[in-house]
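Read the numbers this way: they start at 1 and go in the same order the structure lists the ligands and their atoms. Along the sequence shown, the residues carry numbers beginning at 1.
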Amino acid sequence: MSAQTAAIAEKVRASGTSFYAAMRLLPEARRAAMFAIYAFCREVDDIADEEAPQADKQAGLAEWRREIDRLYAGKPENPIAQALLQPMRDFALRREDFLAVIDGMEMDATAAIQAPDMATLDLYCDRVASAVGRLSVRAFGATEAAADDVAYHLGRALQLTNILRDVAEDASRDRLYLPRDLLVKHGIASTEPSEVLKHANLAAVCRDLSLVAQDHFAKADAAMRRCAKEPMRPARIMGAVYGAILEKLIAWDWRDFTTPIKVPKWRKLWLALRYGFF
Ligand SMILES: CC(C)=CCC/C(C)=C/CC/C(C)=C/COP(=O)(O)OP(=O)(O)O
């Protein structure tokens, strides 16, 4: 393992991501590919999230678009892009998917997202999660067309679960990813994150959105059954970990937005072992 690959692996481990156990089960070249994809996502996410003038964020993302150009010209300069070179070649990772991830981060960087309409939320999820899924299934070695259906649905299911888990945390950063269509349906006129957070009907909005997430989980499962089993193992683990988070949220019924819902580390490991070996 090169020093650069080791440094990226260490960054992914230290990030504490829910997806670490699933990525670790992969054979070496595929694992290195996933770590590099994750590091890329983290990097562009950090640019979109940082406390900085909007122009700086846009410049940072524009630089990453040029870096993707250099990657596909075979001359990456950034260490993370360098780590993507071999995976990009070996696993036919697509340029449009990397660019979609950057476009998704840009949606968040241009202006803080606050109650987008359902179509915009869907586009955002496609870019920041399903595009990551399209890169991931290739790194896993899944080659069927149905693998992109897994990415489509699992990406959306994970992102919506993430949104439902982090409503309070996102509001503290002045962001609200819940769709305004559902706010209006439940009589919430405001799109101001701190106000919506206090609204009595917020739980009903979350309940409705959780049904959308559950439907994507079910469709992702159906698409996985149309794929070869072995390469989809990490996707099943990722789905199981986040599925457990969604179940906890539904059981908790959004009674209290201030208590963070967490799946304990042992449970994540157990799910990884269960889906990794059976
Ligand atoms: C086909 C396939 C594999 C699809 C999945 C694609 C994928 C991994 C999307 C990521 C979406 C997401 C909720 C990221 C949060 O990561 P985080 O590391 O911040 O999560 P955490 O806060 O739970 O640790």
Side-chain angles (χ1 to χ4, degrees), residues 11-26 30-31 33-46 48-49 91 93-94 97-98 100-101 104-105 108 121-122 124-170 173 175 177 209 213 216-217 219-228 231-246 248-249 260-265 267-269 271-272 275:
K11 262 195 190 166
V12 177
R13 194 200 57 75
S15 76
T17 175
S18 309
F19 304 118
Y20 185 64
M23 294 191 263
R24 256 188 71 178
L25 279 176
L26 288 161
R30 298 191 183 284
R31 184 171 62 225
M34 272 316 291
F35 284 172
I37 292 168
Y38 186 83
F40 160 75
C41 294
R42 230 26 222 226
E43 191 78 7
V44 288
D45 191 30
D46 285 350
D49 269 358
F91 308 129
L93 304 182
R94 295 183 312 186
D97 292 325
F98 286 110
V101 177
M105 301 305 170
D108 231 350
L121 175 63
D122 190 68
Y124 176 72
C125 291
D126 191 76
R127 288 172 168 172
V128 301
S130 296
V132 183
R134 293 191 286 272
L135 294 167
S136 304
V137 292
R138 284 163 178 74
F140 299 160
T143 51
E144 312 85 339
D148 279 343
D149 297 338
V150 174
Y152 182 100
H153 290 294
L154 191 60
R156 281 163 170 78
L158 300 188
Q159 194 63 35
L160 291 176
T161 301
N162 194 276
I163 287 169
L164 288 164
R165 184 191 68 184
D166 295 344
V167 179
E169 190 190 318
D170 292 336
R173 295 163 46 243
R175 286 167 163 83
Y177 297 95
L209 194 61
H216 283 303
F217 271 118
K219 288 184 172 139
D221 277 348
M224 271 185 239
R225 284 194 290 275
R226 290 188 275 117
C227 297
M232 275 299 168
R233 266 182 191 173
R236 279 204 301 280
I237 298 168
M238 291 174 175
V241 169
Y242 257 61
I245 295 175
L246 185 62
K248 255 189 144 169
L249 287 166
I261 296 289
K262 291 239 163 6
V263 170
K265 214 172 198 163
R267 179 106 205 269
K268 288 182 197 165
L269 276 174
L271 288 167
Y275 287 87

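- In the displayed structure, R175 atom CZ is contacted under 6.0 Å by more than 12 heavy atoms of other residues, nucleotides or ligands.
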Open item on the list: Test salt bridge (charged side-chain N to carboxylate O under 4.0 Å, His left out) on R42 and D45; report intermediate values, then the result.
Closed with: CA-CA 5 Å; R42 230 26 222 226; D45 191 30; 5.3 Å; no
Check: every ligand 1 N/O to protein N/O pair under 3.5 Å:
unit_1	atom_1	unit_2	atom_2	d
ligand 1	18 (O)	T17	OG1	2.6
ligand 1	18 (O)	Y38	OH	2.6
ligand 1	20 (O)	Y242	OH	3.3
ligand 1	22 (O)	R165	NH2	2.9
ligand 1	23 (O)	S18	OG	2.4
ligand 1	23 (O)	R165	NH1	3.0
ligand 1	23 (O)	Y242	OH	2.6
ligand 1	24 (O)	S18	N	3.0
ligand 1	24 (O)	S18	OG	3.1

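- Looking at heavy atoms from C-beta onward, I163 lies in side-chain contact with L121 at the 4.5 angstrom threshold.
- A salt bridge is defined here as a Lys NZ or Arg NE, NH1 or NH2 lying under 4.0 Å from an Asp or Glu carboxylate O, and R138 with D148 meets this definition.
- Residues forming a ring pair (Phe, Tyr, Trp, His ring centres under 6.0 Å) with Y38 (at least two apart in sequence, or on another chain): none.
- You'll find the side chain of N162 reaches within 4.5 Å of the side chain of Y242, heavy atoms only.
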